[in-house]
Amino acid sequence: MAPKPASEWFPIVLGTMVLSLVSWIDSIVFNYNVFLGIGKIIYFIGIILFILIFSLWSYRYISNPRLIKEDFNKLNRLSFTSFLGVLIFVIGFFFTVYVSASSEVIHFLLYMYFIGYAIVLVVNILLGYKLFSQQIKPEELNYSILVPSIALSANIILSAPILPPSFPYIGKEETEIAYFMMLVAVGITFFQFIFIGTTAFLSHVNFKSAQSTPAIMIPVGASSIIAINILIFPSYNYLNLFYFPSNFALTIAIILWGFEIWNLTVALLLALRHVKEKMPLTVWAYVFPVGISDFSDFLLYGETKLPVFLWSVSVMSVAIVLLYIYATINTINIIKNKLNTR
């Protein structure tokens, strides 16, 4: 009997989409179209995985409704539910890259953007309510609870590619609404990164566990997604709604890149230390934050053309592939163990 996935299985899909992202980035940076074709194949594999895992995840609740309340009371599972919104953003973005970007598609994706944003915001609010209203076990206060914060600002993955100036199909009023939502999301993410991130950091320091080590990579995603938003905000100065200076955006993004490299280095050293140990599904936390970081470095290279960011993109690409292989091997072992115990 096959295992019934809970929300912590969604990062498998996101990790696969990160491989597609790496291929797309490399096709642009190194001007090699073969990477674009590989990325497209990986994208459709990711969609198949999403349909499979989402179906099993839904069936898990339909067949046993009491699990809804149980999972609601588990901070990590509640947090990982926000990956649904992120996957809407990512799948929508790559649809414009690999399939179609017609006016009808862009308008449909705008509606999907609002749905994805609503899902992530609701999960974010529920998580905040749980943090302030119930007794929390120390082991639950790890960096996984930052996922809804990152997911909220990840709306930029879909909003920027479908709004003007990327495509001219969306009207000014809808663009202003989406831009306002993007700004609000970054505000929430920034302060949650400080306050929730500090709490998670102290918990990691006081309750060290090899099983929670992969989550240490999650702050890389938080700093990188803020940097991505900041780099893109000046594109909307033409709206005369808010103003974000381009040079200031670039300066802040490079400052955040410094933290990203530090956290990434520490997390990778810890990964090497525990590489031979059996890891839970949180091992996928090694993959998707590095993917966000790779995209941030790609944007920084596009803005500056500095060799350091080109090297960073190259190293990140290799690291993501290796981490994906490592996470896949661990996941296969987890599935085998579940099947053998039934």
Side-chain angles (χ1 to χ4, degrees), residues 8 11-12 14-16 18-19 21-22 25-26 76 79-80 138-147 149-150 189 193-194 196-228 253-298 300-301 306-334:
E8 58 263 33
I12 299 174
L14 189 57
T16 303
V18 164
L19 279 187
L21 175 67
V22 168
I25 288 174
D26 289 348
N76 287 350
S79 297
F80 286 156
E139 60 269 21
E140 286 191 293
L141 289 174
N142 55 57
Y143 279 126
S144 297
I145 59 177
L146 273 178
V147 168
S149 305
I150 300 172
T189 299
F193 186 27
I194 293 174
I196 296 178
T198 300
T199 302
F201 173 77
L202 293 174
S203 179
H204 273 291
V205 170
N206 292 319
F207 303 97
K208 295 178 178 67
S209 167
Q211 303 298 304
S212 64
T213 298
I216 295 173
M217 189 71 80
I218 290 177
V220 173
S223 60
S224 297
I225 200 66
I226 293 173
I228 291 169
I254 292 176
I255 290 172
L256 290 168
W257 178 80
F259 171 80
E260 164 200 318
I261 295 301
W262 172 81
N263 199 139
L264 181 66
T265 303
V266 172
L268 287 175
L269 289 173
L270 287 167
L272 289 172
R273 180 181 177 183
H274 299 290
V275 69
K276 294 183 179 180
E277 299 181 28
K278 292 182 180 179
M279 304 297 289
L281 283 172
T282 51
V283 71
W284 287 95
Y286 282 134
V287 182
F288 66 84
V290 185
I292 300 172
S293 178
D294 192 27
F295 189 53
S296 173
D297 292 357
F298 166 67
L300 283 169
Y301 176 67
L306 290 175
V308 65
F309 296 120
L310 177 60
W311 300 333
S312 183
V313 167
S314 303
V315 172
M316 293 280 189
S317 297
V318 175
I320 287 168
V321 173
L322 294 176
L323 290 169
Y324 185 89
I325 293 171
Y326 173 59
T328 301
I329 292 171
N330 273 273
T331 303
I332 291 172
N333 290 332
I334 289 170

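Bear in mind the structure is a predicted one, so any value in this text is a computation, not a measurement.
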### Message
Using side-chain heavy atoms (C-beta onward) and a distance below 4.5 Å, is N76 in contact with E8?
### Response
no

#### Entry: Separation between CD1 of I25 and CE of M316, rounded to the nearest 0.5 Å
10.5 Å

### Message
Give me the atom names and distance for the closest heavy-atom approach of A200 to Y143.
### Response
CB-CD2, 3.6 Å

### Query
Is it true that a side-chain atom of T265 and a backbone atom of I261 form a donor plus acceptor pair closer than 3.5 Å?
yes

### Task
May I ask you to test the V147-I218 pair for a side-chain heavy-atom distance under 4.5 Å?
yes

### Message
Any non-hydrogen side-chain atom of I12 less than 4.5 Å from a side-chain atom of L281?
### Response
yes

### Query
What are the two closest heavy atoms between I292 and S224, and how far apart are they?
CG2-CB, 3.6 Å

### Query
Are F259 and P219 close enough that some pair of their side-chain heavy atoms sits under 4.5 Å apart?
yes

### Message
Which residue is it: F295, F298, W257? I am looking for the one with a ring pair (Phe, Tyr, Trp, His ring centres under 6.0 Å) to F309.
### Response
W257

### Query
Taking S293 for the side chain and P289 for the main chain, is one N or O donor matched with an acceptor at less than 3.5 Å?
no

Give the table of side-chain donor-acceptor pairs shorter than 3.5 Å for residues 319-331, with sequence neighbours excluded, one pair per line with atom names and distance.
{"from": "Y324", "atom 1": "OH", "to": "T16", "atom 2": "OG1", "distance (Å)": "2.8"}
{"from": "T328", "atom 1": "OG1", "to": "Y324", "atom 2": "O", "distance (Å)": "2.7"}
{"from": "N330", "atom 1": "OD1", "to": "M279", "atom 2": "N", "distance (Å)": "3.1"}
{"from": "N330", "atom 1": "ND2", "to": "Y326", "atom 2": "O", "distance (Å)": "2.9"}
{"from": "T331", "atom 1": "OG1", "to": "W284", "atom 2": "NE1", "distance (Å)": "2.7"}
{"from": "T331", "atom 1": "OG1", "to": "A327", "atom 2": "O", "distance (Å)": "2.8"}

## Note on the structure
Of all heavy-atom pairs linking A267 and Y286, the shortest is O-CE2, 4.1 Å

### Summary
OG (S312) and CG (L306) are apart, to the nearest 0.5 Å, by 11.5 Å

#### Entry: Any donor-acceptor pair under 3.5 Å from N263 side chain to I216 backbone
yes

### Query
Does the side chain to side chain donor-acceptor pair (under 3.5 Å) test come out yes or no for E260 and S223, once each step is laid out?
CA-CA 6 Å; E260 164 200 318; S223 60; 5.1 Å; no

### Task
Considering non-hydrogen atoms only, spot the tightest contact between G15 and V287 and give its length.
CA-CG1, 3.8 Å

### Query
Under 4.5 Å between any side-chain heavy atoms of D26 and V313, yes or no?
yes

### Query
Less than 4.5 Å apart, any side-chain heavy atom of L300 and any of I254?
yes

### Task
Please report the shortest heavy-atom distance between S296 and A227, naming the atom on each side.
OG-CB, 3.8 Å

### Query
Does T189 use its side chain to pair, donor to acceptor, with the backbone of S149 at less than 3.5 Å?
yes

